[in-house]
**Student:** 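One structure coming up, written as structure tokens, with questions to follow.
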Protein chains: 2
Amino acid sequence: MDRSDDDTAATARVSDVSGAAKVIAYVRDKLISGAFKPGDRLPGERDLCAQLGISRPLLREGLRALSVLGLVEVQQGRGTTVGRADIGALGDALVFCLAQEPNVVEDVLQVRTAIECQAIRLACTSASDADLAEINDKLETLVGSLQDPERGGIADHAFHLAIVKASRSPSLITMYRAIEPLLMRSHVQRRRLVIPDQDVTLHLVDSHREVFVAIVNGDPDEAERKMREHFQISARLHRARFLKMARGDTERAGAR
Amino acid sequence: MDRSDDDTAATARVSDVSGAAKVIAYVRDKLISGAFKPGDRLPGERDLCAQLGISRPLLREGLRALSVLGLVEVQQGRGTTVGRADIGALGDALVFCLAQEPNVVEDVLQVRTAIECQAIRLACTSASDADLAEINDKLETLVGSLQDPERGGIADHAFHLAIVKASRSPSLITMYRAIEPLLMRSHVQRRRLVIPDQDVTLHLVDSHREVFVAIVNGDPDEAERKMREHFQISARLHRARFLKMARGDTERAGAR
DNA sequence: ATAACAACACTGGTCAGACCACTTGTTCTC
DNA sequence: GAGAACAAGTGGTCTGACCAGTGTTGTTAT
């Protein structure tokens, strides 16, 4: 979000706020208050711009901004409706935005860690038998796909998502889904950069299993600890690629 | 991202693509090709709309969409520059998605817990002296406002926000700020319903202090434990209101 | 009475031209 | 050389007109 607009949007009733920001604030207030629900039809553009006291092109600017975030859907001849909270669209927008920002993507992993560590604690007490079966299923799939970066990345993510779902917290799940495309991309890229190695693979499988066992045992502290260990192992694996790359460079220099 | 625009943006050279989508595609292509880098100045609006063969309001729609995603920054009198994308857009849109869920006011506390517990771990190692001073300052303010539900809620939130800031993780900070409206609603509702009580107040102050001390001591596990204890104390305080309400109802029945 | 077609009303999509406000650069005066 | 005034370039907004798509209503034919 453009920050200057964001700050001023918070005081949308002040008359010096830009026109498009008025639209954003109007819709924001209605969404947060619950007055607008998914599928609701907004007033027509001519009515809405009269209501907000701005011109139609400005109104359209604001609506365009909201539509790019999936918060409204604008259709010619039909009108503008409140979006159905399309988390996937949000995640795709994020991938588009952050494709060139590897440092930001690394930091987003902090959010991932936060969510998963809270989720696994909740899963220890909230997970149903079906949830546990689902996680186990994803674990088996993961084990069977460790040699393939694409399928491995997908399976890894599915395992983690199953744990988040087992938390039974809608907010955590929503949040996780928002960063999902980024995580997927990150998983797959990381796997492409690392040559699979027997020891590492087994170690990784064990780590996933220990996470699952901790959930089944139902001890939140233990489960969180295992999850954090798991992330550390992954991070070490990621860092190990630099050693291999460094050795690779040395060998090339020697060959000249 | 609005799907129809996103799909059509990929084929921007087809002449039936909407005007704003042309802008988005133009900037996207330049970013991907590396022709545009953060800080670069885009051509002026009049030049750009001539170049793209669209009207200026349409161009502005497209730029507004890009600005809401942080990809460009538009400043009156100065021009439009390429932004350094961040996850701000995700944060702002996410609160809308969360707001649409039933029971969000209670469940968002899981997100809050997740973020704060991860943030406090990071704060133990990342916090500067200024960060620690800031948290301490907010703690003193909190102590001075416990008798006032409104100011107390604000001070409580400021204390926690200072901790999240001390994590030095832009993503965690962004997410935390995004859920602020929902947290404020939660805080205010909770505090209105509780009559402050001397013992509880002191216990609450101690809990906040222990959290701060743990950060200063720099032990992530200990700090997280203290934070979770703090949340449990708050939850107990919240549950205590039901006892008081039950007693209140009984007294009223006796009076009739 | 029902179905098909046409007309109308309402919706968003876009344009051109005008004017306002802000920023930066250039020129003039002291 | 410094400061003020002016000009040029930038974005911000508006009005009114017209185009294109969708849904509803009315008319006509069977």
Side-chain angles (χ1 to χ4, degrees), chain A residues 1-9 11-12 14-27 36 39-68 70-83, chain B residues 2-9 11-12 14-27 36 39-83:
Chain A
M1 173 86 69
D2 181 282
R3 292 293 166 174
S4 60
D5 282 338
D6 184 52
D7 290 341
T8 54
T11 56
V14 180
S15 62
D16 62 353
V17 168
S18 78
K22 277 184 183 167
V23 187
I24 294 168
Y26 168 83
V27 173
F36 281 178
D40 283 0
R41 176 96 175 280
L42 266 66
E45 288 183 0
R46 290 169 181 91
D47 292 338
L48 201 46
C49 70
Q51 189 176 327
L52 295 174
I54 58 175
S55 65
R56 192 145 80 98
L58 273 217
L59 177 87
R60 295 184 53 77
E61 268 187 52
L63 291 178
R64 178 69 67 167
L66 292 164
S67 77
V68 86
L71 298 176
V72 299
E73 192 177 341
V74 182
Q75 288 179 299
Q76 181 174 342
R78 288 186 176 180
T80 300
T81 52
V82 177
Chain B
D2 181 285
R3 294 279 173 181
S4 62
D5 282 338
D6 186 50
D7 289 340
T8 54
T11 56
V14 180
S15 63
D16 61 351
V17 168
S18 79
K22 279 183 182 171
V23 187
I24 294 168
Y26 169 82
V27 173
F36 282 179
D40 283 0
R41 178 97 175 281
L42 266 64
E45 290 183 356
R46 290 170 181 93
D47 292 339
L48 204 44
C49 68
Q51 189 176 329
L52 295 174
I54 59 174
S55 67
R56 192 145 79 98
L58 273 216
L59 177 86
R60 293 182 55 75
E61 268 188 51
L63 291 177
R64 179 68 67 167
L66 292 164
S67 78
V68 89
L69 297 171
L71 291 173
V72 297
E73 189 176 346
V74 182
Q75 288 178 299
Q76 180 173 347
R78 287 183 179 189
T80 301
T81 51
V82 178

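Just so we're on the same page: letters track the sequence lines, and every chain starts at 1. Predicted, not measured: the structure shown is a model, and the values here were computed from it.
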**Student:** Tell me, please, the opening and closing nucleotides of DNA chain C, 5' to 3', among those with an atom under 4.0 angstrom from a non-hydrogen atom of chain A.
**Tutor:** C/dT11 to C/dT14

**Student:** Report the residue from B/T81, B/L66, B/L63, B/L42 that forms a side chain to side chain contact (heavy atoms under 4.5 Å, CB included) with B/E73.
**Tutor:**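 Only one of B/T81, B/L66, B/L63, B/L42 forms a side chain to side chain contact (heavy atoms under 4.5 Å, CB included) with B/E73, namely B/T81.
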
**Student:** Rounded to the nearest 0.5 Å, how far apart are CD of B/Q76 and OG of A/S18?
**Tutor:**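 That separation rounds to 10.5 Å.
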
**Student:** Identify each donor-acceptor pair in which a side-chain atom of residues 51-59 of chain B lies under 3.5 Å from a protein atom, sequence neighbours left out, and give them as a table.
**Tutor:**
from, atom 1, to, atom 2, distance (Å)
B/R56, NH1, B/E45, OE1, 2.5

**Student:** In whole Å, what is the span from the CG atom of B/L42 to the C1' atom of D/dT10?
**Tutor:** 13 Å

**Student:** Taking the side chain as every heavy atom from C-beta outward, state whether A/V68 and B/L69 have any pair of such atoms under 4.5 Å apart.
**Tutor:**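 When only atoms from C-beta onward are counted, B/L69 and A/V68 do touch, with a gap below 4.5 Å.
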
**Student:** Would you say the side chain of B/R64 and the base of D/dG12 hold a donor-acceptor pair, judged only by whether the two atoms sit under 3.5 Å apart?
**Tutor:**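 Result: no qualifying N/O pair found.
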
**Student:** What residues, two or more places apart in sequence or in another chain, satisfy salt bridge (charged side-chain N to carboxylate O under 4.0 Å, His left out) together with B/R41?
**Tutor:**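 With neighbours one apart ignored, the set is empty.
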
**Student:** DNA chain C: stems of at least 3 consecutive Watson-Crick or G-U pairs, cut-off 3.5 Å?
**Tutor:**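 In DNA chain C, stems of three or more pairs: C:1-30 with D:1-30.
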
**Student:** Quickly work out the A/L52 CG to D/dC14 C1' distance and round it to whole Å.
**Tutor:**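 Computing the A/L52:CG to D/dC14:C1' distance gives 15 Å.
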
**Student:** What are the two closest heavy atoms between B/A65 and B/I24, and how far apart are they?
**Tutor:**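 So the two residues come closest at CB-CD1, 4.1 Å.
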
**Student:** Assuming nearest nucleotide by heavy-atom distance, tell me which of B/I54 and B/R46 is located more 5' along DNA chain C.
**Tutor:** B/I54

**Student:** Out of curiosity, A/R60 CZ to A/T80 OG1, how far, rounded to the nearest 0.5 Å?
**Tutor:** 8.0 Å

**Student:** Quick one: A/R56 CZ to D/dT15 P, roughly how many Å, whole number?
**Tutor:**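 Nearest whole value for this atom pair: 12 Å.
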
**Student:** Polar atoms only, N or O, under 3.5 Å: list the protein pairs with nucleotides 20-24 of chain D and their distances.
**Tutor:**
from, atom 1, to, atom 2, distance (Å)
D/dA20, N3, A/Q76, NE2, 2.9
D/dG21, O4', A/Q76, NE2, 3.0
D/dG23, OP1, A/R78, NE, 3.3

**Student:** Who are the salt bridge (charged side-chain N to carboxylate O under 4.0 Å, His left out) partners of A/R46, not counting sequence neighbours?
**Tutor:**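 Not a single residue meets the salt bridge (charged side-chain N to carboxylate O under 4.0 Å, His left out) criterion with A/R46.
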
**Student:** Can you tell me how far P of D/dT13 sits from CD of B/E45, to the nearest Å?
**Tutor:** 10 Å

